[in-house]
There are 2 protein chains.
Amino acid sequence: MKEKLKEHIENLIPLTDEEFSFILSHVSFEKYKKNDFIIQEGENVKNCYLVVNGLLKLVYDDKNGKQHIVSFAMEDWWESDFSAYFSQTKAKMSLQCIEDTIVYSLSFQNYQKLSAELPKMKQFFLEKSNSGHSASQNRILSFLTSNAKERYEQLLKQYPLLFQRVPKTLLASYLGVSRETLSRLSS
Amino acid sequence: MKEKLKEHIENLIPLTDEEFSFILSHVSFEKYKKNDFIIQEGENVKNCYLVVNGLLKLVYDDKNGKQHIVSFAMEDWWESDFSAYFSQTKAKMSLQCIEDTIVYSLSFQNYQKLSAELPKMKQFFLEKSNSGHSASQNRILSFLTSNAKERYEQLLKQYPLLFQRVPKTLLASYLGVSRETLSRLSS
DNA sequence: TTATAATTGTGATGTATGTCACACTCGATT
DNA sequence: AATCGAGTGTGACATACATCACAATTATAA
């Protein structure tokens with residue numbers, strides 16, 4: 001499993017073996033079961049996570065008890081309630097397993113330590129953050145410019161795999177439509 | 001005007017005088033008039049911009065010729081079509097002045113140079129990117145959980161100044177509603 | 001000033017989408 | 001095999017919002 005983390009980082013930035021073992025000593029390997037909460041709303045957010053295997057949802061529960069999916073996290077994605085992680089405050093959102101999931105966990109302290117002591121890692125985090133930011137902007141754009149059907153088709157195109165892995169109800173909650181409307185769109 | 005840039009960076013990270021003059025030698029100071037385009041859709045995006053004074057809109061023009069505002073950029077904000085900037089490709093969006101505007105411009109090359117040669121600046125960019133990412137996620141959340149009226153009230157609360165500075169049509173286009181609907185919400 | 005364009009409000013109407021209710025399928029559990 | 005619950009489709013109806021049209025007001029420029 002170590003190889004997967006190494007590959008993941010080297011996808012952006014080559015590492016020496018020493019650098020990689022230094023990194024490895026700052027993360028921890030964790031396994032969760034389907035439906036487990038990795039982060040629960042209201043808790044302090046101590047870690048962010050790299051998904052090695054499995055599937056997560058980052059959800060916000062509104063005052064009416066309705067669930068909204070801010071993001072899915074699939075293999076090779078970093079996820080957390082980043083807003084709470086970076087400010088070391090309480091989670092506004094929950095991170096929960098849709099499938100059995102294996103992750104690398106990185107504490108905020110170790111994130112800072114890696115950033116400070118390994119310039120390559122600061123670079124890595126910077127590039128990850130930049131692309132995360134771009135992805136979010138694209139999602140905003142999709143809300144601004146597209147109706148439910150178009151958003152559905154964009155999602156279908158971008159992540160065809162998702163459709164076999166998650167119930168339609170969750171897709172609806174990601175797209176911002178009711179499950180009934182989504183059902184009518186598919187036909 | 002130099003002071004404003006220094007203040008802006010030192011808001012996050014203290015700098016020596018040498019460090020600051022090094023930074024200063026890598027940015028350029030530019031003035032634009034109301035309605036000028038700083039970035040035009042289809043162009044290569046060479047720079048990102050720090051707004052010293054004035055107000056910008058980052059807009060996407062859809063296939064039907066309708067304008068969608070992805071972001072306003074006010075004093076003290078960095079803005080660009082970041083997706084195109086970081087990948088050094090053509091702009092999908094335009095950056096245009098709502099008011100006469102003064103900016104610092106930073107080329108991608110100098111961005112890389114500053115990041116590489118000044119660890120403090122890499123840290124600065126990382127923190128900026130992280131907070132930009134969080135802000136975008138909040139905007140997504142607002143689309144998922146709130147109707148037009150609620151989004152309007154959130155915007156009003158977050159940026160009360162904006163309402164005196166920009167026509168309602170633009171606010172509508174930021175909120176993702178028609179100007180008529182926005183007009184009815186205000187009453 | 002006068003003319004012209006930009007901005008805003010508001011009615012009438014159409015449409016997309018939400019909500020509620022119910023039925024059906026399918027896999028998991030006992 | 002029988003039971004249960006999660007996931008899904010679909011009809012009937014309610015509602016939020018878009019669109020089109022027009023008038024009124026306010027800025028801008030000639």
Side-chain angles (χ1 to χ4, degrees), chain A residues 33-37 55 57 59-69 72 96-100 139-156 161-187, chain B residues 32-37 54-55 57 59-69 72 96-100 139-156 161-187:
Chain A
K33 292 255 160 213
K34 180 172 175 175
N35 294 326
D36 281 356
F37 284 91
L55 184 57
K57 60 178 179 181
V59 298
Y60 177 82
D61 294 293
D62 72 19
K63 47 188 188 292
N64 308 316
K66 203 183 280 181
Q67 278 217 149
H68 304 276
I69 297 189
F72 291 110
Q96 189 179 12
C97 299
I98 297 175
E99 305 172 351
D100 290 357
R139 181 114 183 265
I140 291 171
L141 212 49
S142 143
F143 276 111
L144 284 173
T145 62
S146 310
N147 61 21
K149 173 146 208 173
E150 291 163 336
R151 293 203 302 280
Y152 171 77
E153 280 157 1
Q154 287 160 19
L155 183 63
L156 192 69
L161 326 103
L162 220 52
F163 288 74
Q164 292 122 6
R165 293 175 74 176
V166 320
K168 301 287 172 65
T169 310
L170 293 187
L171 293 181
S173 147
Y174 176 88
L175 290 169
V177 293
S178 67
R179 59 158 208 88
E180 293 93 333
T181 296
L182 180 62
S183 164
R184 290 180 178 112
L185 292 179
S186 334
S187 51
Chain B
Y32 294 91
K33 293 254 160 214
K34 180 172 173 174
N35 294 325
D36 281 356
F37 283 92
L55 184 57
K57 60 179 179 181
V59 298
Y60 177 81
D61 295 293
D62 72 19
K63 47 188 188 291
N64 308 316
K66 203 183 282 184
Q67 277 215 150
H68 304 276
I69 297 191
F72 291 109
Q96 191 180 10
C97 299
I98 297 175
E99 305 171 352
D100 290 358
R139 180 114 184 264
I140 290 171
L141 212 49
S142 143
F143 275 112
L144 285 173
T145 61
S146 310
N147 61 21
K149 173 145 210 174
E150 291 163 335
R151 294 203 300 280
Y152 171 77
E153 281 156 2
Q154 288 160 19
L155 183 63
L156 192 68
L161 325 103
L162 220 53
F163 289 74
Q164 292 121 9
R165 293 176 73 177
V166 321
K168 302 288 172 65
T169 310
L170 294 187
L171 292 182
S173 147
Y174 176 88
L175 289 169
V177 294
S178 67
R179 58 157 210 90
E180 294 93 334
T181 296
L182 180 62
S183 164
R184 289 178 180 114
L185 291 179
S186 335
S187 50

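Just so we're on the same page: letters track the sequence lines, and every chain starts at 1. Bear in mind the structure is a predicted one, so any value in this text is a computation, not a measurement.
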Once base and sugar-phosphate atoms are separated, protein heavy atoms under 4.0 Å mark nucleotides 23-30 of chain D, 5' to 3', with B, S and - as --------
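You'll find the side chain of B:Arg139 reaches within 4.5 Å of the side chain of A:Leu144, heavy atoms only. For the pair A:Tyr174 and A:Leu162, the minimum side-chain heavy-atom distance is 4.5 Å or more.
Side chain of B:Pro167, nearest nucleotide from C:dT10, C:dT8, D:dT8: C:dT8. Of the listed nucleotides (D:dT8, D:dC17, C:dT17), C:dT17 has the atom at the smallest distance from the side chain of A:Val177.
In this structure, A:Phe163 and A:Tyr152 have perpendicular ring planes: the angle between them is above 60°, well past the 30° mark.
At whole-Å resolution of the value, CZ in A:Arg151 and P in C:dA16 are 14 Å apart. Separating the CZ atom of B:Arg165 from the C1' atom of C:dT7 is a distance of 19 Å, rounded to the nearest angstrom. The CG-P distance, from B:Leu171 to C:dT7, rounds to 12 Å in whole Å. Spacing between atom CG of A:Asn64 and atom C1' of C:dG18 amounts to 13 Å, rounded to whole angstrom units. Per the geometry, CZ belonging to A:Arg184 stands 7 Å off C1' belonging to D:dG11, to the nearest Å. Distance A:Leu185 CG to D:dT8 P: 14 Å, rounded to the nearest Å. If you measure from atom CZ of B:Phe163 to atom P of C:dT8, you get 12 Å, rounded to the nearest angstrom. A straight line from CD of A:Gln164 to C1' of D:dG7 spans 16 Å, rounded to a whole angstrom.
If you check distances only, the side chain of B:Glu180 does reach the base of D:dC20 with a donor-acceptor pair under 3.5 Å.
The nearest heavy atom of DNA chain C to A:Asn147 and to B:Lys168 marks one nucleotide each, and the one closer to the 5' end goes with B:Lys168.
Contact annotation for A:Thr169: backbone-only contact, meaning every heavy-atom pair under 4.0 Å involves sugar-phosphate atoms and none involves a base.
A close approach under 4.0 Å does occur between a side-chain nitrogen or oxygen of B:Ser183 and OP1 or OP2 of C:dG9. B:Thr181 has no side-chain polar atom (N or O) that falls below the 4.0 Å cut-off from OP1 or OP2 of D:dC17.
Among residue pairs with one or both ends in residues 162-176 of chain A, those qualifying as salt bridge (Lys or Arg N to Asp or Glu O under 4.0 Å) are A:Glu75-A:Arg165, A:Glu99-A:Arg165; sequence neighbours excluded.
Distance alone, capped at 3.5 Å, places no donor-acceptor pair between the B:Gln96 side chain and the B:Phe37 backbone.
With sequence neighbours excluded, no residue satisfies side-chain hydrogen bond (donor to acceptor under 3.5 Å, both in side chains) with A:Arg151.
Note: A:Tyr60 OH to B:Ser142 OG = 10.5 Å, rounded to the nearest 0.5 Å.
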